[in-house]
Amino acid sequence: MLEIKFVRQNLSQVQKALEHRGDAADLQTFKHCEAQRRDLLKESEALKHQRNVTSQKIGKMKKEGLNTDTLTTEMRNVSGSIKTLDSAFKENESAIKSIMTQLPNIPHVSTPIGADETENPVVKQFGQPPNFDFDPLSHWTIGSQLQILDFERAAKITGARFPLYFGAGARLERALINFMLDIHTGEHGYIEVLPPFIVNSQSMTGTGQLPKFEEDLFKIHESEYYLIPTAEVPVTNIHRQEILDEKQLPVYYTAYTPCFRSEAGSYGKDTKGLIRQHQFNKVELVKFVKPETSYQELEKLLKNAEEILIRLELPYQVITLCTGDLGFSASKTYDIEVWMPSQGRYREISSCSNFESFQARRADIRYKTTGKKGTRYVHTLNGSGLAVGRTVAAILENCQQVDGTVQIPDALQPYMGGMQKISYGT
RNA sequence: GGAGAGAUGGCCGAGCUGGCUGAAGGCGCUCGCCUGCUAAGCGAGUGUGGGGGUAACACUCCACCGAGGGUUCGAAUCCCUCUCUCUCCGCCA
């Protein structure tokens with residue numbers, strides 16, 4: 001959520017920012033409601049003041065045994081008016097809130113202006129796509145041949161777009177989770193968190209999934225609970241409605257969770273393999289920081305995520321999302337894309353964003369400096385470090401051998417019990 | 001699932017026979033004083049959000065005692081609903 005005062009005072013700037021996103025918002029209604037809101041508030045507060053003063057007077061008079069009927073009757077009317085005004089105020093406020101919660105974040109100045117994903121500039125590249133002297137297979141073909149992935153049976157158990165791993169495949173997934181968590185906690189200074197995988201609607205609103213993107217979520221039948229689409233939701237909401245001490249900041253959390261996404265509207269895209277599933281595993285990085293440091297923290301976060309790919313020796317590139325491709329809550333986002341040989345292109349494996357105070361304002365996460373008056377909103381950031389299923393896919397494809405086996409990256413072998421390659425029957 | 005108890009400021013903890021209680025007291029914290037020594041004592045201050053106001057302060061008004069409703073001239077205090085916590089019983093990985 002943006003700051004109401006800021007939107008009021010910078011209406012044209014906000015309008016322009018939204019246009020860059022390709023999002024035409026109705027700010028006139030906002031402007032109108034907002035002005036009305038203050039009028040209603042003024043009027044109601046004046047009456048409340050009158051009521052407070054007179055009620056006290058009535059109390060005193062009663063003690064002295066005086067008759068208060070006239071005043072009481074008068075105040076009955078005042079209270080009635082207050083009630084009317086307050087309900088109008090509430091209505092008005094919920095109208096404003098509904099506009100505000102649907103407004104996306106304003107892109108940072110360093111976010112390039114562009115219409116869609118074709119205009120995302122490449123920031124850097126690491127490694128070289130491998131040269132195969134044979135036609136590289138897709139990860140789902142490799143996985144099926146090695147009998148470590150089984151999409152048919154997964155479909156039987158549940159439906160399309162669910163994964164089922166066996167043997168070395170299941171172990172590879174688990175090894176990656178541990179590998180990532182160990183690096184982030186042991187070397188990058190993150191605190192490991194294991195949060196609930198189901199959250200309430202307030203948490204979903206706090207991070208921006210609700211109210212606008214409910215169709216992307218799995219909702220638990222007959223409740224206000226949702227399956228998490230990313231650990232970002234429970235982990236960011238750890239500090240919802242809290243005032244942190246400045247000395248605590250920055251706070252770094254990392255969490256492994258499964259993620260559940262309905263993938264509404266993605267029919268026909270990536271129908272095969274591990275790229276786009278209703279359920280997948282992810283190790284997430286989440287930060288709460290002071291506003292003045294948040295862009296340095298974004299660079300560090302990106303590096304922390306990249307480090308995993310570097311250790312796994314997987315070729316990747318980093319892009320900056322342009323305004324037209326930027327997510328709803330983000331001010332700036334880097335995507336890390338890993339090379340997928342069977343597709344001959346880079347595919348997203350991590351998304352690292354600075355949300356500035358957008359989520360903090362929704363979720364009411366502030367900090368206080370001792371000795372100083374008032375509070376400020378923290379800046380929140382998060383990034384995948386990394387999406388585990390897609391990492392498995394990248395390893396299978398990049399490390400495949402001509403004989404159909406898969407070489408396990410050196411750094412990961414200790415996590416695989418010393419296994420060096422995945423071959424049929426392992 | 002059944003029975004009961006509770007939720008107050010950064011923390012502990014009064015108030016809960018309705019009326020200067022935004023909230024006693026204590027702890028903590030900040031500033032000052034004192035003390036020749038990392039202690040003790042003394043004094044003052046110390047919530048959040050919003051409206052008005054100011055160059056910025058000051059100042060002023062409104063709201064907030066788990067959340068949301070209700071009763072009343074007036075509610076932390078009475079009533080209802082919900083959420084959470086605790087105790088006992090049952091069930092259970």
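Quick note on labels: first sequence line is chain A, next is B, and so on, each numbered from 1. Computed over heavy atoms, backbone and side chain alike; hydrogens, waters and symmetry mates excluded.
U21(B) and C61(B) are spaced 16 Å apart, taking the P atom of each and rounding to whole Å. The C1' atoms of A76(B) and G15(B) are separated by 8 Å, rounded to the nearest whole Å. To the nearest whole angstrom, the two C1' atoms, one in G26(B) and one in G18(B), are 27 Å apart. Rounded to whole Å, the separation between the C1' atoms of G1(B) and U71(B) comes to 34 Å. The gap from the P atom of U87(B) to that of C79(B) amounts to 26 Å, rounded to the nearest Å. The same atom, P, is picked in C59(B) and in A23(B); the two are 15 Å apart, to the nearest Å. Taking the P atoms as reference points, C27(B) lies 11 Å from A40(B), given to the whole Å. Nucleotides U72(B) and G90(B) place their C1' atoms 44 Å apart, quoted to the nearest Å.
Taking the salt bridge (charged side-chain N to carboxylate O under 4.0 Å, His left out) definition, one finds that Glu173(A) meets it with nothing, sequence neighbours left out.
Rounded to a whole Å, the CG atom of Asn52(A) is 12 Å from the C1' atom of A75(B). We find that CD1 of Ile82(A) is positioned 16 Å from P of C61(B), with the value rounded to whole Å. A straight line from CZ of Arg8(A) to P of G50(B) spans 11 Å, rounded to a whole angstrom. Here the C1' atom of nucleotide G50(B) and the CG atom of Asp86(A) are 13 Å apart, to the nearest Å. Rounded to an integer number of Å, the gap from Leu41(A) CG to A63(B) P is 11 Å. Put simply, NZ on Lys5(A) is 11 Å from C1' on G49(B), counting in whole angstrom units. Rounding to whole angstrom units, CD of residue Glu74(A) and C1' of G74(B) are separated by 14 Å. Across the protein-nucleic acid pair, Glu246(A) atom CD and C29(B) atom P stand 18 Å apart, rounded to whole Å.
Arg311(A) and Asp410(A) are not joined by a salt bridge, as no carboxylate oxygen comes within less than 4.0 angstrom of a charged side-chain nitrogen.
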Enumerate, atom names and distances included, each donor-acceptor pair closer than 3.5 Å involving a side-chain atom of residues 87-109 of chain A, sequence neighbours excluded.
unit_1	atom_1	unit_2	atom_2	d
Ser87(A)	OG	Thr84(A)	O	3.1
Asn92(A)	ND2	Cys33(A)	O	3.0
Asn92(A)	ND2	Gln36(A)	OE1	3.0
Glu93(A)	OE2	Arg37(A)	NH1	3.2
Ser94(A)	OG	Glu91(A)	O	3.1
Thr101(A)	OG1	Lys97(A)	O	2.9
Thr101(A)	OG1	Ser98(A)	O	3.3
Asn105(A)	ND2	Ser329(A)	O	3.0
Asn105(A)	ND2	Ser331(A)	OG	3.2
Asn105(A)	ND2	Phe355(A)	O	3.1
His108(A)	ND1	Ser110(A)	N	3.2
His108(A)	ND1	Ser110(A)	OG	2.7

Scan the side chains in residues 64-73 of chain A for donor-acceptor partners under 3.5 Å anywhere in the protein, sequence neighbours excluded, and list what turns up.
unit_1	atom_1	unit_2	atom_2	d
Asn67(A)	OD1	Asp69(A)	N	2.9
Thr72(A)	OG1	Thr68(A)	O	2.8
Thr73(A)	OG1	Asp69(A)	O	2.7

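Between His379(A) and Phe358(A), the gap from one ring centroid to the other reaches at least 6.0 Å. Taking the six-membered ring for Trp, Phe288(A) and His239(A) have ring centres closer than 6.0 Å.
The aromatic rings of His188(A) and Tyr190(A) sit perpendicular to each other, their planes meeting at more than 60°, with 30° as the lower class boundary.
Nearest nucleotide to the side chain of Tyr225(A), out of C84(B), C61(B), A63(B): C84(B).
Checking side-chain atoms of Thr257(A) against main-chain N and O of Cys259(A) turns up no donor-acceptor pair under 3.5 Å. Between the side chain of Ser55(A) and the backbone N or O of Arg51(A) there is at least one donor-acceptor pair closer than 3.5 Å.
Using a 3.5 Å distance cut-off with no hydrogens or angles, the side chains of Tyr256(A) and Asn281(A) do pair a donor with an acceptor.
Listed pair Arg38(A) / G50(B) fails the phosphate criterion, with no side-chain N or O lying under 4.0 Å from OP1 or OP2. Using a 4.0 Å cut-off, no side-chain N or O of His49(A) falls inside it from OP1 or OP2 of C61(B).
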- Note on the structure: Each nucleotide of nucleotides 68-73 of chain B classed B (base within 4.0 Å of a protein heavy atom), S (only sugar-phosphate) or -, in 5' to 3' order, makes -S-S-B
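Each of Lys48(A) and Lys60(A) lies near RNA chain B, and the nucleotide nearest Lys60(A) is the one positioned closer to the 5' end. Each of Val53(A) and Glu34(A) has a nearest nucleotide on RNA chain B; the 5'-most of these lies closest to Glu34(A).
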Dump the pairs, protein N or O against N or O of nucleotides 45-48 of chain B, anything under 3.5 Å, distances to one decimal.
unit_1	atom_1	unit_2	atom_2	d
U48(B)	OP1	Lys368(A)	NZ	3.2
U48(B)	O3'	Arg366(A)	NH1	2.9
U48(B)	O2'	Arg366(A)	NH1	3.4

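The salt bridge (Lys or Arg N to Asp or Glu O under 4.0 Å) analysis of residues 282-299 of chain A, with sequence neighbours excluded, yields the pairs Glu246(A)-Lys290(A), Lys282(A)-Glu284(A), Lys287(A)-Glu297(A), Glu292(A)-Arg376(A).
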